[in-house]
Protein chains: 2
Amino acid sequence: MTDLLERLRERGWRLTAQRRIIAEVLSGDHVHYTADEVHAHAVERLPEISRATVYNTLGELVSIGEVLEVSTDGRAKRYDPNAHRPHQHLICSRCGTIRDVQPRGNPLADLPDDERFGFAVSQVEVTYRGLCPSCRG
Amino acid sequence: MTDLLERLRERGWRLTAQRRIIAEVLSGDHVHYTADEVHAHAVERLPEISRATVYNTLGELVSIGEVLEVSTDGRAKRYDPNAHRPHQHLICSRCGTIRDVQPRGNPLADLPDDERFGFAVSQVEVTYRGLCPSCRG
DNA sequence: TATTGACTTGGACATTGTCCATTGTAGGAT
DNA sequence: ATCCTACAATGGACAATGTCCAAGTCAATA
């Protein structure tokens with residue numbers, strides 16, 4: 001995730017301790033924390049970091065496309081740092097666990113023109129749901 | 001939507017004025033109200049109906065499969081009465097308008113076994129995004 | 001029409017997110 | 001090395017959405 005920090009510096013971001021910590025918390029695959037979870041982890045390393053800063057920074061990371069926002073359940077939004085590899089999500093209907101997955105094919109091509117109602121369709125999200133191995137028992 | 005009331009009666013639901021009004025508000029195609037929007041419309045016909053009743057009733061309708069819950073933006077959930085025709089959603093990235101659409105193909109089949117991580121995958125939601133005709137100007 | 005258990009109500013509370021005035025500081029300038 | 005200043009962080013108030021519960025009400029049955 002040092003490359004993320006590098007990209008942020010190139011964009012003219014000031015590299016504060018708070019932003020470094022948030023980038024660290026987000027690093028890794030299959031990380032899908034809520035804003036408050038990011039805050040909770042960040043507080044372990046920087047006790048005085050505020051909720052507002054976490055919300056602001058996540059919002060900025062989303063707006064520049066470094067992080068994806070995932071609304072899986074109408075509760076808190078989750079933040080997915082894996083924005084540079086196209087992927088979709090597989091979610092356990094019981095415990096809420098999220099995995100990144102890569103389906104075949106191109107769902108955009110599956111929406112016929114006469115089902116587009118004049119929209120300029122540019123993006124598609126696919127969310128698979130089912131029971132994870134632990135919850136199938 | 002009288003058939004909805006009929007089905008509810010068969011399930012042993014008490015048909016109260018509140019439930020009748022909520023069913024009426026939900027009737028029609030391409031209806032995707034939030035809970036508070038349903039409440040606002042219901043109040044026009046039954047001024048004393050409470051928010052709690054609307055939330056309770058919508059939750060029950062979802063749990064018996066008569067209405068779908070759609071989390072499009074991490075804000076309020078929306079309720080889609082068109083639960084008996086399989087469909088997906090097309091959403092305007094600017095104004096939030098929602099259309100029901102029917103893509104070709106079967107997205108479930110596009111998730112290979114080695115991308116299922118042991119999940120029992122049972123459901124898939126596809127959300128298309130883009131600019132609607134009014135917002136393209 | 002009397003009864004009763006399911007339904008509704010209203011308000012308190014919880015969670016998630018936003019806003020803003022104040023304070024702090026990273027990074028360039030001296 | 002120190003100073004400046006625009007940008008960033010803080011914390012607390014507020015807003016939006018949703019949940020819960022004790023008390024009152026009523027639809028459906030006998």
Side-chain angles (χ1 to χ4, degrees), chain A residues 4-25 32-64 66-80 96, chain B residues 4-25 32-43 45-64 66-79 96:
Chain A
L4 170 57
L5 291 176
E6 202 49 49
R7 288 195 298 275
L8 295 182
R9 192 198 313 272
E10 281 164 14
R11 284 173 177 272
W13 277 39
R14 280 170 46 179
L15 294 192
T16 64
Q18 290 85 347
R19 287 172 169 177
R20 268 185 247 270
I21 297 292
I22 291 171
E24 278 179 29
V25 169
H32 303 92
Y33 291 142
T34 65
D36 277 345
E37 286 168 353
V38 172
H39 180 241
H41 284 96
V43 159
E44 293 171 7
R45 307 172 117 266
L46 188 67
E48 69 276 23
I49 192 173
S50 73
R51 272 185 358 117
T53 295
V54 173
Y55 276 91
N56 288 341
T57 304
L58 289 173
E60 288 158 0
L61 288 170
V62 169
S63 74
I64 66 176
E66 289 285 350
V67 166
L68 296 177
E69 206 171 59
V70 188
S71 298
T72 56
D73 61 348
R75 313 277 304 176
K77 293 178 206 163
R78 295 185 170 271
Y79 293 90
D80 181 340
Chain B
L4 170 56
L5 291 176
E6 202 50 49
R7 289 195 297 275
L8 295 181
R9 191 200 312 273
E10 281 163 14
R11 284 174 177 273
W13 278 40
R14 278 171 47 178
L15 294 191
T16 64
Q18 291 83 349
R19 286 172 169 176
R20 269 186 248 269
I21 298 292
I22 291 171
E24 278 179 29
V25 169
H32 302 92
Y33 291 142
T34 65
D36 277 346
E37 286 168 354
V38 172
H39 180 242
H41 283 97
V43 159
R45 308 172 116 266
L46 189 66
E48 69 276 24
I49 192 174
S50 73
R51 274 185 357 118
T53 294
V54 173
Y55 276 90
N56 288 341
T57 304
L58 289 173
E60 287 158 1
L61 288 170
V62 168
S63 74
I64 64 177
E66 289 285 348
V67 166
L68 296 177
E69 206 172 58
V70 188
S71 298
T72 56
D73 62 348
R75 312 276 305 176
K77 292 178 208 166
R78 295 185 171 271
Y79 294 89

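This is a predicted model, so every value here is computed, not measured. Computed from heavy atoms alone, side chains included, the values below leave out hydrogens, waters and symmetry copies. Protein chains get the first letters and strands the later ones, always in sequence-line order, with residue 1 at the start of each.
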query = Any side-chain heavy atom of B/V43 within less than 4.5 Å of one from B/I49?
reply = yes
inquiry  = Using a 4.0 Å heavy-atom cut-off to protein, can you give one letter per nucleotide of nucleotides 24-30 of chain C, 5' to 3': B if the base is in contact, S if only the sugar-phosphate is, - if neither?
reply    = BBBS---
query = Do A/R7 and A/L4 touch side chain to side chain, with heavy atoms closer than 4.5 Å?
reply = yes
key: A/R45 side chain to A/I21 backbone, donor-acceptor under 3.5 Å   = no
ask   = Starting at the 5' end of DNA chain D, which residue's closest nucleotide do you reach first, B/R51 or A/I49?
value = A/I49
ask   = Which residues, if any, of residues 34-47 of chain A bring a heavy atom under 4.0 Å of DNA chain D?
value = none
request  = Give one of base, sugar-phosphate or nothing for A/R19, where a contact means two heavy atoms less than 4.0 Å apart.
outcome  = sugar-phosphate
query = Minimum heavy-atom separation for A/R78 to A/T72, with atom names?
reply = CD-OG1, 4.5 Å
query = For B/G74 and B/V54, take the nucleotide of DNA chain C holding the closest heavy atom to each; which residue's nucleotide lies nearer the 5' end?
reply = B/V54
request  = Decide, yes or no, whether a salt bridge links A/E6 with A/R11 under the criterion of side-chain N to carboxylate O below 4.0 Å.
outcome  = no
message = For a 4.5 angstrom cut-off between non-hydrogen side-chain atoms, does A/L15 reach A/R20?
response = yes
query = In whole angstrom, what separates A/Q18's CD from C/dT23's P?
reply = 18 Å
Heavy-atom closest pair, residues A/D73 and A/A76 = OD1-O, 4.0 Å
query = Think B/S50 has a side-chain N or O under 4.0 angstrom from the OP1 or OP2 of C/dT8?
reply = no
inquiry  = Need one value for B/A52: base, sugar-phosphate or nothing, where a base atom within 4.0 Å counts as base even if backbone is also close, heavy atoms only.
reply    = base
4.5 Å side-chain heavy-atom contact, A/V38 and A/T57 = no
query = Can you tell me how far P of C/dT16 sits from CG of A/L58, to the nearest Å?
reply = 14 Å
query = Is there a side-chain contact between A/Y55 and A/D36 (heavy atoms, below 4.5 Å)?
reply = yes
message = What contact category does B/R75 fall into here, base, sugar-phosphate, or nothing, at under 4.0 angstrom with non-hydrogen atoms?
response = sugar-phosphate
key: Spacing of B/L8 atom CG relative to C/dA6 atom P, expressed in whole Å   = 17 Å
ask   = Do B/Y79 and B/V62 come close enough that some side-chain heavy atom pair is under 4.5 Å?
value = yes
ask   = So which one's nearest nucleotide on DNA chain D is more toward 5', A/E48 or B/N56?
value = A/E48
inquiry  = A side-chain contact here means heavy atoms from C-beta on lying under 4.5 Å apart; do A/I22 and A/R19 qualify?
reply    = no
inquiry  = What is the first contacted nucleotide of DNA chain D and what is the last, in 5' to 3' order, if contact means an atom lying under 4.0 angstrom from a heavy atom of chain A?
reply    = D/dA6 to D/dG11
